[in-house]
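Please read through the structure below; I'll follow up with questions.
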Amino acid sequence: MQYKNFGKFLKNKRESIKPKMTLNKFAINNDIEPAIISRIENMKQDVKLVVLGKIANGLEMTVSELIDEYEKSEFSND
């Protein structure tokens, strides 16, 4: 499975949080540098496992749930 569009998926997922969660707020709330989230969402950086764990936690999911949802999404087919 390719994860080349994970950044697009993450941005869409983060922006679907109600109330809307800004990149900076999401990053700070989850102990991630905002620049890292930005680079991941803009597909300029691959996501490291430790960051993936923090992202999943911030989305109130496990890493496996997050990956499963990505694999079922429209973003994994590009």
Report the distance from atom CZ of R14 to atom NZ of K20, rounding to the nearest 0.5 Å.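 Nearest 0.5 Å value for the CZ-NZ distance: 7.5 Å.
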For K18, what residues pass the side chain to side chain donor-acceptor pair (under 3.5 Å) criterion, not counting sequence neighbours? none
I'd like to check the side chain to side chain donor-acceptor pair (under 3.5 Å) partners of E15; sequence neighbours left out, ordered by chain and number. none
What ring-ring contact (aromatic ring centres under 6.0 Å, His included) pairs are there with at least one residue in residues 24-55, not counting sequence neighbours?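 Every candidate ring-ring contact (aromatic ring centres under 6.0 Å, His included) pair involving residues 24-55 fails, so no pair, neighbours aside, qualifies.
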When rounded to the nearest 0.5 Å, the distance separating NZ of K11 from CD of E41 is 6.0 Å
With rounding to the nearest 0.5 angstrom, report the CG to CD1 distance, N57 to I32.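 The distance works out to 9.0 Å.
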Which residue pairs pass the salt bridge (Lys or Arg N to Asp or Glu O under 4.0 Å) test when at least one of the two sits in residues 49-69, sequence neighbours left out?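 Pairs touching residues 49-69 that pass the test: K13-E69, D31-K54, D68-K72.
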Output, in order, the C-alpha distance, side-chain angles, deciding distance and verdict of side-chain contact (heavy atoms from CB on, under 4.5 Å) for I67 and L52. CA-CA 9 Å; I67 295 298; L52 187 61; 4.0 Å; yes
Indicate the atoms forming the closest heavy-atom contact of P34 with A27, along with that distance.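 Nearest heavy atoms, P34 then A27: CA-CB, 3.6 Å.
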The criterion is side chain to side chain contact (heavy atoms under 4.5 Å, CB included); which residues satisfy it with M43, sequence neighbours excluded?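 Per chain and number, M43 pairs via side chain to side chain contact (heavy atoms under 4.5 Å, CB included) with N5, K8.
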Sequence neighbours left out, what passes side chain to side chain contact (heavy atoms under 4.5 Å, CB included) with N29? Give chain and number order.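 Scan of N29 (side chain to side chain contact (heavy atoms under 4.5 Å, CB included), adjacent residues dropped) gives M21, K25.
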Reported CG-to-CG distance for the pair L10 and L23, which is rounded to 0.5 angstrom: 8.5 Å
Could you note down all residue pairs passing ring-ring contact (aromatic ring centres under 6.0 Å, His included) where residues 35-60 supplies at least one of them, sequence neighbours left out?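 For residues 35-60: none.
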Taking only residues two or more places apart in sequence or in another chain, which ones pass side chain to side chain donor-acceptor pair (under 3.5 Å) with S38? N42
In Å, rounded to the nearest 0.5 Å, how long is the span from CG of N30 to CG of L59?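 One gets 7.5 Å once the value is rounded to the nearest 0.5 Å.
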Looking at residues at least two apart in the chain, or sitting in another chain, which of them share a salt bridge (charged side-chain N to carboxylate O under 4.0 Å, His left out) with D46? none
ring-ring contact (aromatic ring centres under 6.0 Å, His included) contacts touching residues 5-24 (sequence neighbours left out): F6-F9, F6-Y70, F9-Y70
Find out if a path of hydrophobic residues (ILVMFWY) with successive side-chain heavy-atom gaps under 4.5 Å connects I40 to I28. no
Residue set satisfying side chain to side chain donor-acceptor pair (under 3.5 Å) with S64, at least two apart, ordered chain then number -> T62
Any residue meeting side chain to side chain contact (heavy atoms under 4.5 Å, CB included) with N12, in chain and number order, not counting sequence neighbours: F75
